[in-house]
> 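Could you have a look at this structure, given as structure tokens, before my questions?
Worth saying up front: this structure is predicted, and the values here are computed from it rather than measured.
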Amino acid sequence: HCMDAANKTGMVIACLRTLQHWNMSAIVSEFSRYTKKKIMEDEDKAFVSMYNPRNLEIPRETAASWLPAAAIEVPSSISVEEDTSKIAELQ
């Protein structure tokens, strides 16, 4: 992570952590350790909570070996209702 600007690197890493199946508490903790303000703003939490890896298309032949299979083949058990309820929890 970088200690510069508007947390761009931190947000990318936070979204990566969702691909790695980290829970939101762990993502916020890591983000907060490396950001200048030492907190994750509510709008940043909302963005990461709504991040939908199903919109990503990672070709299997180019996927990094450290990505879990679920990041390449997102389980169909994740519902849109679950995604939208995360925002409601933050408000």
Side-chain angles (χ1 to χ4, degrees):
H1 304 275
C2 63
M3 298 287 284
D4 190 27
N7 300 319
K8 293 174 188 144
T9 304
M11 291 299 291
V12 169
I13 297 300
C15 290
L16 171 67
R17 297 306 187 214
T18 66
L19 288 175
Q20 297 173 320
H21 302 287
W22 284 32
N23 67 43
M24 191 62 179
S25 176
I27 293 169
V28 170
S29 177
E30 180 183 51
F31 184 95
S32 298
R33 274 196 310 272
Y34 295 101
T35 188
K36 285 182 181 180
K37 292 182 182 180
K38 301 296 180 198
I39 62 165
M40 187 177 213
E41 302 288 342
D42 288 341
E43 53 272 4
D44 293 336
K45 290 177 190 175
F47 179 86
V48 172
S49 292
M50 291 299 292
Y51 174 70
N52 186 347
R54 287 179 289 185
N55 293 333
L56 280 177
E57 292 185 22
I58 303 173
R60 183 173 301 283
E61 62 275 3
T62 61
S65 61
W66 47 263
L67 275 176
I72 300 164
E73 299 173 11
V74 178
S76 60
S77 62
I78 300 173
S79 70
V80 173
E81 292 77 25
E82 289 178 57
D83 291 343
T84 56
S85 69
K86 290 178 183 177
I87 286 291
E89 291 172 14
L90 293 170
Q91 294 176 344

> With sequence neighbours left out, write down each residue that passes side chain to side chain contact (heavy atoms under 4.5 Å, CB included) with S32, or none if nothing qualifies.
V28, M40
> Quick one: NZ on K45 to CD1 on I27, what's the gap to the nearest 0.5 Å?
12.0 Å
> Which pair of heavy atoms, one from I39 and one from F31, lies closest together, and at what distance?
O-CE2, 3.8 Å
> Would you give the length of the straight line joining atom OG1 of T18 to atom CG of L16, rounded to the nearest 0.5 angstrom?
7.5 Å
> Rounded to the nearest 0.5 Å, what separates atom OH in Y34 from atom OG1 in T9?
13.0 Å
